[in-house]
2 protein chains.
Amino acid sequence: MSTRRATISDVAREAGVSPSTASVVFSGKTPVSDATRARVLEAASALGYTGPDPRAASLRRGRSGIVGVVFEEHLGTAFLDPVKTQMMDGLADAMAPLGAGLLLLRDRESVGTGATLMTAPLDAAVLVGCSGLLRESLDAVKARGIPVVVVEGDAGVGIPRIGLDNREAQRQAARHLRAHGHTRVAVAALPVRAGWTRGWIPDDADVTIDVTRERLQGARDVYPDAAAYAAAGSFIDEGLAAGREIFADAANRPTAVIAQSDLLAAGVIRAAEEAGLRVPEDVSITGFDGIVVDGLAPYELTTLVQPAADKGRAAGLAVTAMLDGGEAASITFTCVFRKGNTTAEAPLALSVEPGANGTAARPR
Amino acid sequence: MSTRRATISDVAREAGVSPSTASVVFSGKTPVSDATRARVLEAASALGYTGPDPRAASLRRGRSGIVGVVFEEHLGTAFLDPVKTQMMDGLADAMAPLGAGLLLLRDRESVGTGATLMTAPLDAAVLVGCSGLLRESLDAVKARGIPVVVVEGDAGVGIPRIGLDNREAQRQAARHLRAHGHTRVAVAALPVRAGWTRGWIPDDADVTIDVTRERLQGARDVYPDAAAYAAAGSFIDEGLAAGREIFADAANRPTAVIAQSDLLAAGVIRAAEEAGLRVPEDVSITGFDGIVVDGLAPYELTTLVQPAADKGRAAGLAVTAMLDGGEAASITFTCVFRKGNTTAEAPLALSVEPGANGTAARPR
DNA sequence: TTGTAAGCGTTATCAG
DNA sequence: CTGATAACGCTTACAA
């Protein structure tokens, strides 16, 4: 028990062969006579040797068989997000033939001795989202010479990017609302930056999370003055909180809310109900993502369906290509607009009400 | 570009210090004078050195900062299962203070050069489920001297086990049905073994997946002859397929179905509707897990709520303890029975119908 | 088909 | 506080 673990040299000695021969028996890289193989295997089991130490092998070969998947948020949180989940699904799919393991990593520096983007033995990395924080680590990884792919976020030139037409897609939703006569519109946004806590987005805010910024731009392409309340995350409860704020000023309610995710939209719907507003008669609400939201029936969100799994698959393929020494190109996926039953014509009474100024009033 | 990547020795030489000193600058294990540190850091950045190679460090230290999470199934599939997701959530939670990365692994030998339970540089492993297949790898890992914790499954003595009172819990559901007068009951089961394809479970079947076996035992503690149709996985569509089979023989329909997961139950409900049966008037259906099932409204499953996240957290704590050289004990969590609106009194007409023999007839 | 030898890049130990 | 030395355990040209 307290004795040192057997090494391949021990096995070789026991079997009466050289270390290299023993190594070859395990790796199968070179033909070995059946007799020798048998002898080595026997010696191995006699010594309780279960195969090469991955750490040593990894050092020697320069490959670990591990691909890092870096999230900006707490890992547990990432699993709660259906979009991320679908993305991982696609990614795992695409990595399967390569057989590489996926190492889940958080961007935030971990306290202990643990694995981080910089300290983990990675062959490649997939960055999910790309806040400023992440961007730092990115430079380090790039410098380390590890192939990197970024999903949802910009990582600078030379880094393949799996994107989404966030701005254009969100614009579609906004246009849909405008076509239905909505003039007073508010946005329920995703977080503005890492560590953001709920609140109205100030005019001068520096929106560092790309998804948030791009979707907001899309909304404002149509409603330039739309006020935006940013939640602390993509959750129903956060949407509820955002919705309460948005509907708080009864005199100046928007007739439509553009939520930046389906989960937020679900929360906003609840907030509307709480405020005694009917959806879509009194207020129209759009989502984003096209996931199935639990317990939202009988509502079906008007939303933008994004190909989340395809994004993951594309990331996996890009990684595979780069690992094979090739180049990987950036791809931008397109969302599909889907009309549900949460949007309708703007209520006439409101849209002609004096004081309506084209957008929801922005609270101070 | 084509030049070799800088090593710590290069940096040391450039800075005019010894490699060990340079190493210490990066690890911070030993005090270094500010002057030398500055010199080393400067040399490093001049050479584009971004820190110790994790592979080498890992070899030398004997720790990789990586904990493997091994699933029996295709990784993408694992993400689709809300129970697994919640479990991972809890696990990530518990690992956070330790800072270790979670490496997602599949049990099946991968084709390529990729990471497996045996070839990945792991400090510890968490096995989720434990089929026979997995049990093999387990021996290897144990032999490798890596701390192991098993969630849902038996791994033999000496291996901490995070369990669930599957049998007892399922028995509760069965007793609930019996108390409501049900005598003809069928089971919609989870897969019998890895690679299982849908079908009735033969009497002599060797049920190697523990969860399936234990829950089946619980059901049969009350309904010894209940026929069981095992799905190929925990999905609504699989439940639908199972339900169709179970309700196929109109003359000999069960009045209740015990599904081994909520997702299966949801599918069975759909099958019942398809067959023109009302739930719960004509047929009662129980689930297992206590997750929220999409689009199941207005049904609320009668089910057994399991503390999935707690299981993950417990696994994480056990791993942490073992990594600290301590011992970790096994824990068994308890499910809570929750009555929904999918179970009711057995329909009288059927339960006294001639030919009713106390259980659903078992097809050949 | 098998053996020899030279690292892979770090870090622990211990002496200065 | 700094430096020399010796592993860590394996792989892979290359030689035999």
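Values reported hereafter were calculated over all heavy atoms of this structure, with side chains retained and with hydrogens, waters and symmetry mates removed. Quick caveat, the model's predicted, so the values are computed rather than measured.
Atom C1' of nucleotide C/dG7 and atom CG of B/Asp10 are separated by 14 Å, given to the nearest angstrom. If you measure from atom CD1 of A/Ile8 to atom P of C/dG3, you get 13 Å, rounded to the nearest angstrom. Between A/Arg37 atom CZ and C/dT2 atom C1' there is a gap of 14 Å when expressed in whole angstrom units. One interatomic measurement links the two molecules: CZ of A/Arg13 to C1' of C/dG3, which rounds to 15 Å at whole-angstrom precision. Between the C1' atom of D/dA7 and the CZ atom of A/Arg5 lies a distance of 18 Å, rounded to the nearest Å. B/Asp53 places its CG atom 9 Å from the C1' atom of C/dC8, with the value rounded to the nearest Å. Straight-line distance from the CG atom of A/Leu59 to the P atom of C/dT11: 11 Å, rounded to whole Å. Between A/Arg55 atom CZ and C/dC8 atom C1' there is a gap of 16 Å when expressed in whole angstrom units.
Judged by distance alone, with hydrogens and angles left aside, the side-chain atoms of B/Arg39 form a donor-acceptor pair with the main-chain N or O of B/Ala15 at under 3.5 Å.
Here CG of A/Leu122 is found 7.0 Å from CD1 of A/Ile66. Values are rounded to the nearest 0.5 Å. The line from CG of A/Leu323 to CG of A/Asp123 is 5.5 Å long, rounded to the nearest 0.5 Å. Expressed to the nearest 0.5 Å, how far CG of B/Asp310 lies from CG of B/Asp89 amounts to 10.5 Å. To the nearest 0.5 Å, the span separating CH2 on A/Trp196 from OG1 on A/Thr208 amounts to 10.0 Å.
Distances shorter than 4.0 Å separate some side-chain N or O of A/Thr36 from OP1 or OP2 on C/dT2. For B/Thr7 and C/dG9, the shortest distance from a side-chain N or O to OP1 or OP2 is not below 4.0 Å.
Among residue pairs with one or both ends in residues 314-326 of chain A, none qualify as salt bridge (Lys or Arg N to Asp or Glu O under 4.0 Å); sequence neighbours excluded.
B/Tyr49 comes within 4.0 angstrom of sugar-phosphate atoms only, judged by non-hydrogen atoms across all strands, and of no base.
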Just distance, no hydrogens or angles: give the donor-acceptor pairs under 3.5 Å from side chains in residues 42-60 of chain B, sequence neighbours left out.
residue	atom	partner	partner atom	Å
B/Ser45	OG	B/Glu42	O	3.2
B/Tyr49	OH	B/Gly51	O	3.3
B/Asp53	OD1	B/Arg55	N	2.6

Distances under 3.5 Å only, N/O to N/O: pair up the protein atoms with those of nucleotides 12-15 of chain D.
none

